[in-house]
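Below, read A as the first sequence line, B as the second, and so on, with proteins coming before strands; counting in each chain starts at 1. Just so it is clear, the structure is predicted and the values come from calculations on it, not from any experiment.
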Amino acid sequence: MTMRQVELRYNPAEIEERWQERWRTDDIYRVRDDDPRPKWYELTMYPYPSGDLHIGHWYAMGPSDCHARFRRMQGYNVLHPMGFDAFGLPAENAAIQRRIHPYTWTMGNIEKMRGQLASMGPVYDWDRQLVCCDPEYYRWNQWFFLKMYERGLAYRATAPVVWCSSCNTVLANEQVVNGRCERCDTIITRRDLEQWFLRITSYAEELLDFGGLIDWPEKILIMQRNWIGRSEGVEIAFDLSHLGLEAQDIRTFTTRIDTIYGVTFLVLAPEHPLVERLTTDDRKAEVQAYVEEARRQTEIERLAAEKEKTGVFLGSHVVNHLNGEKVPIFIADYALMTYGTGAVMGVPAHDQRDFDFARKFDLPIRVVIAPPGWAGEELEEAYLEEGVHTNSGPFDGMPNSKGKEAIADHVEAQGWGRRAISYRLRDWLISRQRYWGTPIPMVYCADCGVVPIPEEDLPVLLPSDAEFLPTGQSPLSLDSSFINTPCPRCSGPATRETDTMDTFVDSSWYMERFTSPGYDKGPFDPQALAEWMPVDQYTGGAEHAVMHLLYARFFTKALRDMGLVEFDEPFRRLYNQGIILGEDHEKMSKSRGNVVNPDEFVTTLGADAVRCFLMFLGPWDQGGPWSTSGINGTARWLNRLWELCQQDPSSLDESPTDETAVRDIQRKLHQTIKRCYEGLDRFKFNTTISAMMELSNYLGRAWNDGSVGPATWRESIEKLLLMLAPVAPHLAEELWERTGHGYSIHQQLFPAWDEELAAEEVVTLVVQVNGKLRDKLEVPADVAEEEAKSLALASPKVQAHLGDKQVARTIYVPGRLVNVVAN
RNA sequence: GCCGAAGUGGCGGAAUGGUAGACGCGACGGUCUCAAAAACCGUUGGGGGCAACCCCGUGUCGGUUCGAAUCCGACCUUCGGCACCA
């Protein structure tokens, strides 16, 4: 395929490099905390330093840089910083595979990416760069951890954790995708380990309150709401006292207490602590086999398309307090130990899963909520709708919506249970069996137990001489000089925690660190924090809808309760850009061979052309396919601007005779300013650029006609360049200089528009007959209704279409349309 | 299965109750050139007509309205997210 390419009249590489150098030496993007202008903090999610700035990064960062530049031109003091999410697994894999230290690998990548980022021509103030593998950064991770530990927000627990045998690491539940490791796609297994957790669940209720957010996509709020998964119900006990065990009952959680009389069995999660005690001798072998199977099953279960219900009877029974009935106890993998109490009351008539289970095991299906017109016949499937209580003792005849409350009251009065709220959200597992992360600042002493490292001994540094084994075992756990340390409390021999923290800890507070990145008396300078936070506009991919954003919100609330910050939410507004696809409209991937390398286009067509095309290709939030011929279009436009803006207006006639042409060009100019202002304000980059293209086309025609004077021309070009500045910063600066303006265009305000100049004097009045377009009339914009209607009726075309029909009514939309309704 | 987003020319898209297809790509025709590329000018939703013009057209079917790409209902398709949540 031969690719035709624009031949530029200018050398973008030369211009861009020169201006980037100039901006750097003049420090025009330095951000000052004490600037009197109103502040605007615009943040793009910082990238992982993979070593290559791909087109996806450009798509995230180019338009957000443009938006930040627009806010500068609106007169804000804009903080738009950049840093690197520098801890994480790939560095460790590189260490294992290529014997490069993760630090060396990471810092080398950062250097390379800084160069690539700089080639975009962004407004980043590099003095504020933040790299979270820097000990001066991660010491504060450790400090926060200690603060949380003090307040009971960090705790250690044994938990069946998800294990990826390929990454050799524990995964958070949230990091498992369809039973596979999110990162490497390996099928996961399970392991029991002592882990550190952060108690995000204590903030579940507050995290559901989005009141402090201004402009977040509804979609993200829905995802977070579903993720937290609040449900109201009743925790109710089933009696075990007849068995003479130390456990007197089994507690279950239900949202359908109204169906309690329909319980015909009980299901425990296979991992439930009571399983062993409740299994009768004759069932032991079968139960044990099932438990083992279930633990292994995470591997298999997701692979089965439609899973049939499985389970095993334990041999014992519980008693339903409400009707005194004995019902059998099963274990089944559809009961999850991680949700509710790990036990489910089985109501087959009114829950589809229970229904399927009962069918499979031949258990009774008792209707307790009668469907309308039900005459006692058997159900074909679970009945989930509203109905009237039946087979429900004293509650018979009551509508179940009422019964729900009445039964809950009864249960609470009898002391069998209580109303409760259950969340799907689980605590945040932060332990990672890895080297390349923040060491968890804890020590284990034989005498004193778990002892936190004293604050003054932070940071606990990662040892630089760690050994990386090809097995992927945690280098810290093999490093005796790291592990062995005197106990901070008794000075006796002790060992360090060898786990490091999830990298989401780093990103939970980095936006605060950006306000004072060099500060060493605390995680951030309280004054700078007060000046800048919260982030006014956060942008990034929707893939972080839940985890990162929820963790950062949690951190902020926890820090607030420690008195460290004074706001409730870290990100006031959020905007998610879409995904840039390959030229074949598929997701870019090496295996598809459709990956676009931005550097090639930067070299040949310039960063401005790449920025422009990424913004032009479609609405930013929808993403869309890259197009190699499409970028030619934007390059061609910039090329035309190069020519157009440098036309010498002194050759134009000083006193143009064509007053209308002058008025028309002013109107177009002011309409364009308005459209661009509003477009940039709302991330509508594609239509903003279209508007500028329309203006430049218009100016081009005016030039050819010679219909305007030099003053109008100069004003138009000047304002066009100002509008271009956030979009194509290099070219705008170059042309600004070449048109005799003072340095720098990036310290100018965005042009204002004049509503009167933008207003149309003559409008096209659309004339319809019965809703079909029949004529167009040029009329004054302020035409009166009666005038418009009579003009419309007088139109010969309208008359022709009316024939001998009677005009029933006439609709008038001021300045737009007349619709003649006739029959 | 559930939740969410989206379906408009050959392609990316514009128009969020009032001229469907702005802007751009591609294609076609022309200018320039020995020639090509680039650049510049013009045409470009489909069908009919010599023409003025007419008919059809925004995933499908129905509805509301003087008027629907836009609002409502049902369905189909694609993409993204979550998955036994008791």
Side-chain angles (χ1 to χ4, degrees), chain A residues 2 4-9 174 177-179 217-220 222-223 225-227 229-231 233 252-256 259 267 269 301-302 306-307 309 332-336 338-347 351-354 356-357 422-425 542-543 545-546 578-579 581 583 585 587 613 616-619 621-634 636-637 639-640 643 684 686-694 697 700 704 764-776 797 800-801 808-813 815-823:
Chain A
T2 51
R4 300 200 303 153
Q5 205 176 56
V6 176
E7 271 181 30
L8 297 173
R9 301 185 183 99
E174 299 92 324
V177 177
N178 291 329
E218 193 55 36
K219 169 180 137 164
I220 303 290
I222 290 167
M223 284 165 90
R225 205 173 283 130
N226 292 343
W227 190 264
R230 179 185 200 271
S231 42
T252 69
F253 175 78
T254 180
T255 54
R256 291 299 306 275
T259 65
V267 179
E301 77 183 58
R302 319 285 174 170
E306 237 189 21
K307 239 190 87 205
K309 290 279 169 285
D333 55 12
Y334 81 88
L336 308 175
T338 48
Y339 184 76
T341 60
V344 182
M345 61 183 218
V347 186
D351 180 282
Q352 193 56 42
R353 288 170 315 234
D354 296 345
D356 297 340
F357 191 83
S422 194
Y423 299 93
R424 204 189 80 106
L425 181 72
E543 67 272 20
V546 178
I579 297 166
L581 302 172
E583 197 138 23
H585 295 212
K587 214 170 189 164
F613 180 63
F616 182 68
L617 64 84
D621 58 344
Q622 279 171 42
W626 173 263
S627 165
T628 299
S629 59
I631 192 177
N632 269 334
T634 43
R636 207 172 278 149
W637 173 59
N639 201 28
R640 276 198 299 271
E643 199 81 347
K684 306 283 182 203
N686 56 332
T687 48
T688 297
I689 292 176
S690 298
M692 283 190 247
M693 286 174 168
E694 278 186 45
N697 291 345
N704 291 340
T764 306
L765 190 70
V766 171
V767 183
Q768 297 181 333
V769 176
N770 288 333
K772 281 183 185 270
L773 175 71
R774 294 305 178 195
D775 202 2
K776 295 177 189 180
K797 289 174 185 171
H801 281 279
R809 58 194 278 217
T810 338
I811 312 280
Y812 178 61
V813 181
R816 299 207 72 145
L817 162 146
V818 174
N819 185 14
V820 180
V821 186
N823 47 39

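The side chain of A/T764 approaches B/U19 more closely than any other nucleotide in the set B/A86, B/U19, B/C82. Proximity note for A/N686 (side chain, C-beta onward) versus B/A14, B/C23, B/A86: the nearest is B/A14. In this structure, the nucleotide among B/C84, B/G12, B/A86 sitting nearest to the side chain of A/A335 is B/A86. Distances from the side chain of A/S690 to the nucleotides B/U19, B/C23, B/C40 place B/C23 closest. With B/A14, B/G24, B/A22 as the candidates, the nucleotide lying closest to the side chain of A/P619 is B/A14. Nearest nucleotide to the side chain of A/W227, out of B/C82, B/C11, B/A86: B/C82. Checked against B/C54, B/G67, B/G26, the side chain of A/N819 finds its nearest nucleotide in B/G67.
Straight-line distance from the CG atom of A/N226 to the C1' atom of B/G1: 14 Å, rounded to whole Å. Residue A/R225 contributes atom CZ, which lies 12 Å from atom C1' of B/C3 at whole-angstrom precision. B/A86 atom C1' lies 14 Å from atom CG of A/D356, rounded to whole Å. Atoms CG (A/L765) and P (B/U19) sit 12 Å apart, rounded to a whole Å. Atom CG of A/N770 is separated from atom C1' of B/C54 by 17 Å (rounded to the nearest Å). As a whole-Å value, the separation of A/D621 CG from B/C79 C1' is 14 Å. One atom, CH2 of A/W626, and another, C1' of B/G24, lie 14 Å apart when rounded to the nearest Å. Look at CG on A/N704: it is 14 Å from C1' on B/G42, rounded to the nearest Å.
When atom types are taken as modelled, the side chain of A/N639 and the backbone of A/R9 share a donor-acceptor pair closer than 3.5 angstrom.
Residue contacts for A/V344: at a heavy-atom cut-off of 4.0 Å it reaches a base atom on one of the strands shown. Counting any heavy atom pair closer than 4.0 Å across all strands shown, A/S627 reaches no nucleic acid atom. Note on A/D354: nothing from the nucleic acid sits closer than 4.0 angstrom, heavy atoms only. Across all strands shown, A/L617 has heavy atoms under 4.0 Å from sugar-phosphate atoms exclusively, and none from any base. Within the 4.0 angstrom heavy-atom criterion, only backbone atoms of the sugar-phosphate kind lie near A/R816; the bases stay farther away. The residue A/I222 sits close only to the backbone: its heavy atoms come under 4.0 Å of sugar-phosphate atoms, none of a base.
Between A/K684 and B/A22, a side-chain N or O to OP1/OP2 separation shorter than 4.0 Å is absent.
Base pairing analysis places B/G17 opposite nothing; no Watson-Crick or G-U wobble pair with both distances below 3.5 Å involves it. Remark: B/G4 base-pairs with B/C79; criterion is Watson-Crick or G-U wobble with both hydrogen-bond distances under 3.5 Å. Under the Watson-Crick and G-U wobble criteria, each requiring two contacts below 3.5 Å, nucleotide B/A27 is paired to B/U43.
B/G26 has its base anti relative to the sugar, with a glycosidic angle deviating from 0 by more than 90°.
Comparing B/U70 with B/G59, their C1' atoms sit 15 Å apart, to the nearest whole Å. Between B/A69 and B/C53, the two C1' atoms lie 26 Å apart (nearest whole Å). Nucleotides B/C11 and B/G18 place their P atoms 26 Å apart, quoted to the nearest Å. With P as the reference atom, B/G57 and B/A68 are 11 Å apart, rounded to whole Å. Atom C1' of B/A86 sits at a distance of 28 Å from the matching atom of B/G80, rounded to the whole Å. Across the C1' atoms, B/C28 and B/G45 are found 16 Å apart, a figure rounded to whole Å. Across the P atoms, B/U16 and B/C25 are found 24 Å apart, a figure rounded to whole Å. Look at the P atom in both B/C41 and B/G24: the space between them is 11 Å, to the nearest Å.
In this model, a side-chain donor or acceptor of A/D333 finds a partner on the base of B/C84 within 3.5 Å. Taking 3.5 Å as the limit, the base of B/C3 and the side chain of A/K219 contain no donor-acceptor pair of atoms between them.
If A/T687 and A/F616 are placed on RNA chain B by their nearest nucleotide, the residue sitting closer to the 5' end is A/T687. Looking at which nucleotide of RNA chain B each of A/N639 and A/Q768 is closest to, the 5′-most match is held by A/Q768.
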Margin query: Using the rule given for side-chain contact (heavy atoms from CB on, under 4.5 Å), can you reason through A/K797 versus A/V769, listing the C-alpha separation, both sets of side-chain angles and the distance that settles it, and then say yes or no?
Written below: CA-CA 10 Å; A/K797 289 174 185 171; A/V769 176; over 6 Å; no

